Amino acid sequence: MAQNIPVLTAGEGGLSRYLDEIRRFPMLEPQEEYMLAKRYREHEDPAAAERLVTSHLRLVAKIAMGYRGYGLPLGEVVSEGNVGLMQAVKRFEPEKGFRLATYAMWWIKAAIQEYILRSWSLVKMGTTANQKRLFFNLRRLKGRIQALEEGDLKPDQVQAIATKLGVPEEDVISMNRRLAGDASLNAPIRAAEADSGEWQDWLVDESESQETILADQEELDMRRKLLGNAMSVLNDRERRIFEARRLSEDPITLEDLSTEFGVSRERVRQIEVRAFEKVQKAVQKSAREMETATPA
């Protein structure tokens with residue numbers, strides 16, 4: 001599948017040459033993409049797989065650009081992203097109605113992030129989901145709040161980032177100090193990674209691409225559908241309490257619900273816990289069914 005994929009080489013002009021090469025591969029129309037994906041899925045046609053991969057190399061390059069600030073050769077980041085793209089093509093199910101770009105985006109990001117985590121010895125502490133999220137989002141959030149100077153963050157900046165990502169303020173301070181050794185925002189980009197410029201020239205554009213917006217919306221719709229289906233296992237009282245306590249932006253107190261249903265606060269709490277467990281099991285069951293339906 002990877003035989004005819006261009007390689008991003010180090011040295012002057014390497015990035016420009018690579019971008020010129022991958023632009024030669026045409027984008028696919030939805031119906032053409034569907035037929036190629038179906039052909040590969042049913043017959044493992046390598047030519048179909050190659051066209052699916054090469055037509056999405058620009059997506060990999062675009063995503064890889066967002067990870068330039070970690071001090072790793074861009075060629076290696078792109079290569080890992082291409083591996084993720086190939087995995088996505090192998091597992092893509094065109095019958096589900098999604099475009100390949102929407103599906104592949106998550107595989108590409110996952111492959112790149114795993115590579116970065118393997119390469120950064122300082123991220124030994126980044127073992128939890130929250131810490132990994134902090135690692136990959138700290139630089140972007142610093143740019144959003146204009147915390148671009150070197151050194152420690154201001155207390156209000158630390159608080160804003162910690163609140164946004166749901167992590168302790170101590171983790172934000174610690175991670176910022178570790179990442180400070182990566183590269184100054186004004187430091188020149190190494191020749192192995194681009195032709196010229198500074199790190200700050202490559203800060204990620206805060207405006208989301210249409211592909212990202214579509215992918216986020218489709219993921220949100222899928223989660224809502226899963227939750228909606230799962231809540232069908234609840235009776236009316238369980239549903240009311242679950243929605244009031246777990247889904248409302250301003251949760252209703254146990255006291256108010258106990259008055260509404262004429263039971264004790266402890267009884268309301270027990271119903272809430274039971275309803276949550278029932279919904280959780282229903283969602284997990286649906287997720288397992290989706291995984292089973294996806295070929296390895």
Side-chain angles (χ1 to χ4, degrees), residues 88 91 93 95-98 102-107 109-110 113-114 117 123 125-138 140-141 144 158-175 208 212-296:
R91 292 167 169 79
E93 298 181 55
E95 296 84 359
K96 290 190 174 181
F98 299 103
T102 300
Y103 180 72
M105 185 182 302
W106 309 111
W107 285 90
K109 288 182 178 180
Q113 290 180 2
E114 287 180 7
L117 289 173
V123 195
M125 54 83 72
T127 55
T128 69
N130 283 344
Q131 288 166 339
K132 290 179 181 178
R133 185 165 68 250
L134 172 60
F135 178 74
F136 286 111
N137 286 279
L138 178 58
R140 175 177 60 82
L141 292 178
R144 181 174 292 177
V158 172
Q159 183 180 30
I161 294 173
T163 301
K164 180 69 176 178
L165 296 179
V167 299
E169 294 184 10
E170 293 78 8
D171 284 2
V172 175
I173 295 171
S174 177
M175 185 67 76
E208 299 284 8
T212 301
I213 294 172
L214 177 61
D216 289 345
Q217 185 59 51
E218 288 179 342
E219 182 185 23
L220 179 60
D221 290 344
M222 183 175 295
R223 288 181 177 178
R224 285 174 174 169
K225 183 178 179 180
L226 283 174
L227 179 59
N229 292 339
M231 288 180 63
S232 64
V233 303
L234 304 179
N235 60 41
D236 291 343
R237 185 169 66 169
E238 290 172 336
R239 186 185 185 95
R240 163 63 178 155
I241 293 175
F242 180 80
E243 290 178 341
R245 296 286 297 165
R246 299 292 180 125
L247 302 184
S248 175
E249 293 184 3
D250 186 16
I252 299 176
T253 65
L254 293 175
E255 182 68 32
D256 288 342
L257 287 170
S258 69
T259 301
E260 178 179 337
F261 289 103
V263 296
S264 68
R265 287 181 297 175
E266 176 59 22
R267 181 56 180 156
V268 172
R269 189 195 66 78
Q270 292 173 357
I271 294 172
E272 176 192 348
V273 172
R274 184 178 64 188
F276 175 77
E277 291 174 348
K278 290 170 70 173
V279 170
Q280 186 179 48
K281 288 179 181 178
V283 169
Q284 290 173 346
K285 180 181 178 182
S286 296
R288 285 195 298 269
E289 289 174 352
M290 290 177 63
E291 291 176 358
T292 302
T294 303

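Source: prediction; values computed, not measured.
- Not counting sequence neighbours, the partners of Thr253 by the side chain to side chain donor-acceptor pair (under 3.5 Å) test are Asp256.
- Applying the side chain to side chain donor-acceptor pair (under 3.5 Å) criterion to Asn229, with sequence neighbours excluded, gives no partner residue.
- Remark: Glu277 pairs with no residue by the salt bridge (charged side-chain N to carboxylate O under 4.0 Å, His left out) rule, at least two apart or across chains.
- When the salt bridge (charged side-chain N to carboxylate O under 4.0 Å, His left out) test is applied to Glu243, the partners found at least two apart in sequence or on another chain are Arg239.
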### Task
Show your reasoning for whether side-chain contact (heavy atoms from CB on, under 4.5 Å) applies to Phe242 and Lys278.
CA-CA 10 Å; Phe242 180 80; Lys278 290 170 70 173; over 6 Å; no
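- Contacts of Glu266 classified as salt bridge (charged side-chain N to carboxylate O under 4.0 Å, His left out), with partners at least two apart in sequence or in another chain: Arg269.
- The CG atom of Leu234 sits 9.5 Å away from the CZ atom of Arg274 when rounded to the nearest 0.5 Å.
- By the side-chain contact (heavy atoms from CB on, under 4.5 Å) test, Ala104 pairs with Leu85, Ala88, Leu100, Ile108, sequence neighbours left out.
- In this view, Glu272 and Arg245, Arg246 satisfy the side chain to side chain donor-acceptor pair (under 3.5 Å) rule, not counting sequence neighbours.
- In this view, Pro251 satisfies the side-chain contact (heavy atoms from CB on, under 4.5 Å) rule with no residue, not counting sequence neighbours.
- Take Ser258 and apply the side-chain contact (heavy atoms from CB on, under 4.5 Å) test, not counting sequence neighbours, and it matches Glu255, Arg265, Val268.
- Around the CG atom of Asn235, the shell of radius 6.0 Å holds more than 12 heavy atoms that belong to other residues, nucleotides or ligands.
- Taking CD1 from Ile252 and OG1 from Thr259, the interatomic distance works out to 11.5 Å, rounded to the nearest 0.5 Å.
- Under the side-chain contact (heavy atoms from CB on, under 4.5 Å) criterion, Phe261 pairs with Arg237, Arg240, Ile241, Leu257, Val263, not counting sequence neighbours.
- A distance of 4.0 Å separates CH2 of Trp107 from CZ of Arg91, quoted to the nearest 0.5 Å.
- With rounding to the nearest 0.5 Å, the separation of CD1 in Ile173 from CD1 in Ile161 is 10.5 Å.
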